[in-house]
Trainee: 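Got a structure for you, written out below as structure tokens; questions coming shortly.
In what follows, residues are counted from 1 in the order of the sequence shown. Predicted model, so just to flag it, every value in this text is computed and none were measured.
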Amino acid sequence: QVQLVESGGGLVQAGGSLRVSCAASGRTFGSGAMGWFRQAPGKEREFVVAINWSGLSTYYADSVKGRFAISRDNAKDTVYLQMNSLKPEDTAVYYCAASPNWGTISRMSQESAFSAWGQGTQVTVSS
């Protein structure tokens, strides 16, 4: 079973940057995908970004495209989310997720595509 631990959340001013990390341990997926979702207060959890095992294929939500960048270091079993030009509406708990498969954006943007989840890390963007 995979365990995921996020880190790096915090408080940042609008326009600033933040990088969150997700370290995987246990039985990691040798050919799987990683993703980030977020949940703002009073809202449903939503897809942010996903990356395949090689890192050569990524999907981004329109709301973060051009501002966020996902990357992974398979030697360290870690995935990173670099967030730039942050906006107050980016305030949310950010969750890391792991999937044994890769598919279309329609598939990978669904929570059901992921079978392991981290506990979340809070990102707060002040105006």
Trainee: Would you say the side-chain atoms of Ser99 pair up with the backbone N or O of Ala113, donor to acceptor, closer than 3.5 Å?
Mentor: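 Yes; at least one donor-acceptor contact below 3.5 Å.
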Trainee: For Thr78 versus Lys76, what's the shortest heavy-atom pair and its separation?
Mentor: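 Thr78 and Lys76 have their closest heavy atoms at OG1-O, 2.9 Å.
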Trainee: Less than 4.5 Å apart, side chain to side chain, heavy atoms only: is that true for Met83 and Val64?
Mentor: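 A side-chain contact is absent here, since even the closest heavy-atom pair is not under 4.5 Å.
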Trainee: Of all heavy-atom pairs between Ser112 and Arg107, which one has the smallest distance, and what is that distance?
Mentor: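 The pair with the smallest heavy-atom distance is OG-NH1, 3.0 Å.
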Trainee: Quick check: closest heavy atoms across Trp102 and Ala33, and the distance to 0.1 Å?
Mentor: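 What the structure gives for the nearest pair is CE3-CB, 3.4 Å.
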Trainee: Between Trp117 and Cys96, does a side-chain contact (heavy atoms from CB on, under 4.5 Å) hold up when you go through it step by step?
Mentor: CA-CA 6 Å; Trp117 293 82; Cys96 173; over 6 Å; no
Trainee: Could you grab the distance from atom OG1 of Thr104 to atom CD of Gln110, nearest 0.5 Å is fine?
Mentor: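 With rounding to 0.5 Å, OG1 (Thr104) is 9.0 Å from CD (Gln110).
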Trainee: Is a donor on one side and an acceptor on the other found under 3.5 Å between the side chain of Thr91 and the backbone of Glu89?
Mentor: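 Pair absent, no side-chain N/O of Thr91 close to backbone of Glu89.
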Trainee: Distance-only, no hydrogens or angles: does the Gln82 side chain make a donor-acceptor pair with backbone N or O of Phe68 under 3.5 Å?
Mentor: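 Checking the backbone N and O of Phe68 against the side chain of Gln82, no donor-acceptor pair under 3.5 Å is found.
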Trainee: If we ignore hydrogens and angles and just use 3.5 Å, is the side chain of Asn52 paired with the main-chain N or O of Leu56 as donor and acceptor?
Mentor: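 Yes; at least one donor-acceptor contact below 3.5 Å.
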Trainee: Determine whether Glu46 and Arg38 make a side-chain contact, defined as any pair of heavy atoms from C-beta on separated by less than 4.5 Å.
Mentor: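 Contact flag for Glu46/Arg38 side chains = yes.
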Trainee: Hey, are Asn84 and Ser17 close enough side-chain-wise for a donor-acceptor pair under 3.5 Å?
Mentor: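 A pair is found: one side chain offers a donor N or O, the other an acceptor, under 3.5 Å apart.
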Trainee: So that I know where these two stand, are Phe47 and Trp36 an aromatic pair - ring centroids less than 6.0 Å apart?
Mentor: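 Centroid distance Phe47-Trp36: not below 6.0 Å, so no.
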Trainee: Identify the two heavy atoms, one from Gly8 and one from Leu18, that lie closest to each other, and give their separation to 0.1 Å.
Mentor: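 Answer, listing the atom of Gly8 first, then Leu18: O-CG, 3.7 Å.
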Trainee: Decide yes or no for Tyr95 and Gln39: does some side-chain heavy atom of the first lie under 4.5 Å from some side-chain heavy atom of the second?
Mentor: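 In contact.
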Trainee: If you draw a 6.0 Å radius around NZ in Lys43, do more than 12 non-hydrogen atoms from other residues or ligands fall strictly inside?
Mentor: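 Atom NZ in Lys43 is not packed in, count stays at 12 or less.
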Trainee: Compare every heavy atom of Tyr80 with every heavy atom of Ser21, then report the nearest pair and how far apart it is.
Mentor: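 Distance-wise, the nearest heavy atoms are OG-CD2, 3.3 Å.
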Trainee: What are the two closest non-hydrogen atoms of Met34 and Ala98, and how far apart are they?
Mentor: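 Closest approach of Met34 to Ala98, heavy atoms only: SD-CB, 3.6 Å.
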Trainee: Run Asp90 and Arg67 through salt bridge (Lys or Arg N to Asp or Glu O under 4.0 Å) and show every step you take.
Mentor: CA-CA 11 Å; Asp90 293 318; Arg67 300 188 299 120; 2.7 Å; yes
Trainee: Does any part of the side chain of Thr121, heavy atoms only, come nearer than 4.5 Å to the side chain of Val93, both counted from C-beta?
Mentor: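 Val93 vs Thr121: side chains apart.
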Trainee: Between Gln122 and Thr124, does any side-chain donor sit less than 3.5 Å from a side-chain acceptor?
Mentor: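 On atom types as modelled, these side chains qualify, holding a pair under 3.5 Å.
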Trainee: Between Tyr94 and Leu81, is there a donor-acceptor pair closer than 3.5 Å when you use the side chain of the first and the backbone of the second?
Mentor: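 No: the side chain of Tyr94 does not pair with the backbone of Leu81.
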Trainee: Keeping the roles fixed (side chain from Asn74, backbone from Trp53), state whether a donor-acceptor pair exists under 3.5 Å.
Mentor: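 Side chain of Asn74 to backbone of Trp53, a donor-acceptor pair under 3.5 Å: yes, one is there.
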Trainee: With side chains defined as the heavy atoms from C-beta onward, is the minimum distance between Ile70 and Tyr60 less than 4.5 Å?
Mentor: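 Yes, at least one pair of side-chain atoms sits under 4.5 Å.
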Trainee: Taking C-beta and beyond as the side chain, do Ser126 and Pro88 meet within less than 4.5 Å on heavy atoms?
Mentor: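 No, side chains not in contact.
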